[in-house]
> 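So that we are looking at the same thing, I have put the structure below in structure tokens.
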Amino acid sequence: MTNFLSLKFAGPAGMGIKSAGQLFSRALIAHGFSVHDYNEYPSLVRGGHNTYQVSFSSQKIFSPHYSVDYFFSLAGGHWQEHLKEFSGDTLVFGDENFNRPPSPAKFISLPIKQIIDSVGNSLVVNTVCLGVIAFLLELDTDIFTDLLSSQYGKLAEVNLNAFHRAYDYAKNNYSPHIRHLSGKKLRSPQILVDGNEAFGWGFLKGGGDFYAAYPMTPATGALHFLAEKQKDHSIIVLHPEDELAVANIGAGAAVAGRRVAVGTSGGGFVLMDETISFCGIAEIGMVYYLVSRPGPATGLPTWTSQGDLLHAVHAGHGEFPKVVLAPGNQEESFAFGQLAINLAVRLQTPVVVVSDKFLAESSASLPNLSRHKTVVNQGKREISPKPGYRRYRLDVPDGISPYTIPGQSDGEFLSNSYEHDEFGFATEDSVVAASMNEKRFKKNATARRLVPQDLLFGPKGASKLIVSWGSPSGPILEMLNRRPLPEYNFLQVRTLWPVSARLPKIIGRYRQIIVVENNQTGQLSALLKSQFSFAPHRQINKFDGRPYYPEELYHLITGQK
Amino acid sequence: MASTFRSPVLPTWCPGCNNYLVLAGLEKAFQSQKLSPSQVAIAYDIGCAGNMADFIKCYGVHTLHGRSIPVAMGLKIANPKLTVVVVGGDGGIYGEGLNHLVSAVRMDIDITVLVSNNYLYSLTTGQTSPTSPKGAKTKSTPLGTASLPIDGVSLVKSINPKVLAKSVDCQSPPSVIAAIEEGIKHPGFALLDISQFCLAFGKQLVG
């Protein structure tokens with residue numbers, strides 16, 4: 001018996017595909033399952049072809065799967081471009097007379113129109129599908145009743161009616177297709193949260209109190225999430241006129257003592273580039289949340305990519321210390337959101353958190369993030385400055401000079417985009433210029449002690465090492481957990497800058513190195529090659545806007561199906 | 001006149017530069033408002049005017065070119081108790097950063113923007129600016145500029161008539177001094193377009 005299943009809803013935008021998918025996921029979480037969702041959508045508001053996929057298991061699930069067990073075509077023909085995802089065990093539902101499609105899957109006519117007509121509302125197609133799957137998986141209808149009631153408010157009654165009619169229809173017609181799920185068990189209460197929301201929670205739980213962003217897919221979710229949180233948290237959220245303003249308003253707020261993050265995707269990050277450099281020289285600690293999508297330029301706005309690694313690492317003209325972190329899953333998006341703002345304030349330098357569409361817009365079951373403890377580190381704050389206070393004092397072994405914030409008597413200083421002396425006043429003195437650069441670069445060594453360690457997974461004695469970073473970590477771990485490959489270990493690089501000094505030793509222990517990245521040119525490899533002798537044996541790349549799947553990676557890595 | 005806002009750095013402007021007047025006006029306004037240096041935050045743009053950053057002792061940010069207004073907005077939104085001023089020129093405020101000026105005016109945020117408008121880019125040795133008259137022959141436009149000049153005051157008034165927007169001329173120093181104080185006192189957005197003649201490169205415009 002299988003220990004994981006996948007379901008996919010497909011249809012045009014506007015039919016509530018995402019809301020049904022998320023409601024299904026919440027129902028599964030309430031039953032004690034581990035869930036990982038994935039949605040695909042074009043850059044438009046109505047029509048087109050949208051999908052929402054839910055992969056779930058009674059054991060922890062790290063990523064969606066390529067194979068689909070249940071497919072619901074909410075409008076005619078939306079199954080057609082998914083034939084490769086179907087097997088002989090797949091059930092495909094749609095309100096049409098399937099004329100022997102070229103697939104081993106079972107195609108089942110579901111009278112959606114008849115059911116919604118009997119309910120008297122055409123907007124409940126998605127809920128009809130929920131009724132069917134609830135019966136097929138023998139799920140608790142009370143859980144669905146609760147979720148539908150709270151989700152639909154005034155429309156709850158009609159949705160409940162549709163759910164129960166569909167459930168009864170399935171009971172009368174689809175009994176042979178019931179699947180008993182193995183290993184059901186209750187776990188600690190979980191919530192459904194995507195990478196953007198997780199980052200937002202992390203930022204809040206790191207004491208973040210100022211967020212600015214210009215809407216840009218796929219980072220916009222964090223803006224929406226934090227904007228809503230203004231109602232019950234002491235955070236200011238702004239949507240300024242462009243990313244130049246976003247970054248510079250952020251910098252001004254950070255100088256004035258706020259704990260600041262700004263969010264964007266690659267195109268907006270380019271506009272923030274000059275401000276990252278400014279934060280470097282003026283020693284302004286703030287977080288840049290970069291959620292990548294495929295470029296160049298406007299690229300594929302609603303798809304995924306890891307094409308901005310080197311851009312993030314090299315962001316900003318000139319030379320200055322910086323930290324670049326890459327969470328590999330939603331849980332780490334939370335952890336790094338919390339860590340990043342604390343690091344930025346402690347190190348007084350820009351911290352970039354690199355995510356991507358696949359990670360930021362995919363939801364997973366996680367422990368309730370609102371219950372995490374808040375961790376706020378103020379760094380080296382000068383509480384009572386004396387006359388003659390030197391904001392950029394050079395005699396600091398860790399490179400970090402105590403800071404004041406505007407309003408403090410005798411703490412006045414100039415935060416300067418020009419090279420400056422210990423007070424912040426501009427200077428062109430060669431000795432001071434070199435000393436200031438040296439002082440700032442001491443923060444690299446300090447950062448190395450504070451950044452997250454890279455993670456090594458897998459059994460002892462493995463001879464082959466898969467190296468990756470960011471969102472492919474999910475599919476890689478899912479592959480290793482479902483189909484054990486004892487000769488392989490997996491190294492997840494979590495801190496992209498500064499590169500860990502431990503990496504050469506770790507990597508040197510393996511006979512074969514395979515680098516997996518969701519980009520075309522192998523940017524992690526290029527980065528590691530710039531830091532130490534690194535010669536991977538294989539480079540696996542994917543750059544079509546789609547994430548990796550565990551089945552696909554198994555094939556690419558082992559050559560077997 | 002001794003000033004608690006005077007920094008140890010001596011001004012580096014050209015002898016006779018009108019920015020000395022702007023500096024004196026700011027110091028006078030802070031003192032008449034009984035502000036201490038710790039209560040004031042100034043965002044300076046890049047350019048001759050923005051070089052005032054080194055000549056005043058208070059909280060200051062010498063920003064990137066064109067970004068003085070968003071930095072000032074960040075300072076003010078983060079801590080509304082601060083008196084926040086922008087010091088810049090026609091290049092930074094009306095050129096590189098014009099979009100930010102529009103946004104600040106729409107928000108009517110309580111900051112005072114001083115534009116030392118000398119109709120030129122002077123720190124870069126005299127190129128056309130957004131306020132140069134059409135046809136002005138400068139180092140970057142030897143055949144004459146093709147564009148009409150921006151009138152900052154009527155521009156911001158057309159966006160939000162509630163804001164304080166004034167044009168003053170350094171040929172009348174008392175009017176400049178008075179306008180700066182009025183701007184600081186105004187409880188909302190204030191733009192002072194401070195017209196001045198650049199002694200080093202201005203003769204291009206009258207030649």
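In what follows, every chain begins at residue 1, and chains take the letters A, B, ... in the order their sequences are listed.
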> Between Pro240(A), Gly257(A), Ala256(A), which residue shows the highest count of heavy-atom pairs closer than 4.5 Å to chain B?
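Sorted descending by pairs with chain B, the first entry is Ala256(A).
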
> Could you report the tightest heavy-atom contact between Phe425(A) and Ser7(B), atom names first, then the distance?
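In this case the closest contact between Phe425(A) and Ser7(B) is CZ-CB, 3.8 Å.
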
> Is Phe55(B) in contact with chain A via its backbone, its side chain, both, or neither, using a 4.5 Å heavy-atom distance?
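Neither part.
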
> Would you mind reporting whether Ser417(A) and Ile46(B) have side-chain heavy atoms less than 4.5 Å apart?
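Yes, their side chains come closer than 4.5 Å.
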
> Checking Val61(B) against chain A: side chain, backbone, both or neither under 4.5 Å from a heavy atom?
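Interface part for Val61(B): both.
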
> About how many Å separate CD1 of Ile405(A) and CG of Asn79(B), when rounded to the nearest 0.5 Å?
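If I round to the nearest 0.5 Å, the distance is 7.5 Å.
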
> Who among Gly411(A), Ala251(A), Gly250(A) has the most heavy-atom pairs with chain B under 4.5 Å?
Gly411(A)

> Do Val71(B) and Ile249(A) have side chains that get closer than 4.5 Å, going by heavy atoms?
no

> Picking from Thr63(B), Val102(B), Val84(B), which has the most non-hydrogen pairs under 4.5 angstrom with chain A?
Thr63(B)

> Can you establish whether the number of heavy atoms outside Gln230(A) located under 6.0 Å from its atom CD is more than 12?
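Check passes, neighbour count above 12.
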
> Scan Phe413(A), Tyr403(A), Tyr389(A) and name whichever one has a ring-ring contact (aromatic ring centres under 6.0 Å, His included) with Tyr59(B).
Phe413(A)

> More than 12 heavy atoms of other residues, nucleotides or ligands under 6.0 Å from CD of Glu319(A): is that the case?
no

> Decide side chain to side chain contact (heavy atoms under 4.5 Å, CB included) for Ile77(B) and Arg258(A); before the verdict, give the C-alpha distance in whole Å, the side-chain angles of both, and the deciding distance to 0.1 Å.
CA-CA 10 Å; Ile77(B) 294 166; Arg258(A) 291 277 176 172; over 6 Å; no

> Any side-chain heavy-atom pair from Ser415(A) and His62(B) closer than 4.5 angstrom?
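The answer is no, as the side chains (C-beta and beyond) never meet within the 4.5 Å cut-off.
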
> Checking Ser277(A) against chain B: side chain, backbone, both or neither under 4.5 Å from a heavy atom?
neither

> Side chain, backbone, both or neither: which part of Leu75(B) has an atom under 4.5 Å from a heavy atom of chain A?
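For Leu75(B), the contact with chain A is made by backbone and side chain together.
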
> Please classify the contact of Ile56(B) with chain A as side chain, backbone, both or neither, using a heavy-atom distance under 4.5 Å.
backbone

> Rounded to the nearest 0.5 Å, what separates atom CE in Met107(B) from atom CG in Leu238(A)?
6.0 Å

> How many angstroms lie between atom CE of Met73(B) and atom CG of Asn248(A), to the nearest 0.5 angstrom?
11.5 Å

> Got Tyr418(A) and Asp54(B) here, is their nearest side-chain heavy-atom distance under 4.5 Å?
no

> Are any of the side-chain nitrogens in Arg67(B) or Glu274(A) under 4.0 Å away from the carboxylate oxygens of its partner?
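Salt bridge present between Arg67(B) and Glu274(A).
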
> So what's closer than 4.5 Å to chain B heavy atoms on Leu414(A): side chain, backbone, both or neither?
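Interface part for Leu414(A): both.
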
> For a 4.5 angstrom cut-off between non-hydrogen side-chain atoms, does Glu412(A) reach Pro37(B)?
yes

> Does Phe423(A) reach the side chain of Pro8(B), with side-chain heavy atoms less than 4.5 Å apart?
no

> Using a cut-off of under 4.5 Å for heavy-atom pairs, which of Asp242(A), Asp209(A), Val246(A) has the most such pairs with chain B?
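If we count pairs closer than 4.5 Å to chain B, Asp242(A) comes out on top.
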
> Around atom CD of Glu228(A), are there more than 12 heavy atoms from other residues, nucleotides or ligands closer than 6.0 Å?
no

> What part of Ala282(A) is in contact with chain B, defined as an atom under 4.5 angstrom from a non-hydrogen atom: side chain, backbone, both or neither?
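Neither part.
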
> Tell me whether Arg381(A) at atom CZ has more than 12 heavy atoms from other residues, nucleotides or ligands lying less than 6.0 Å away.
yes

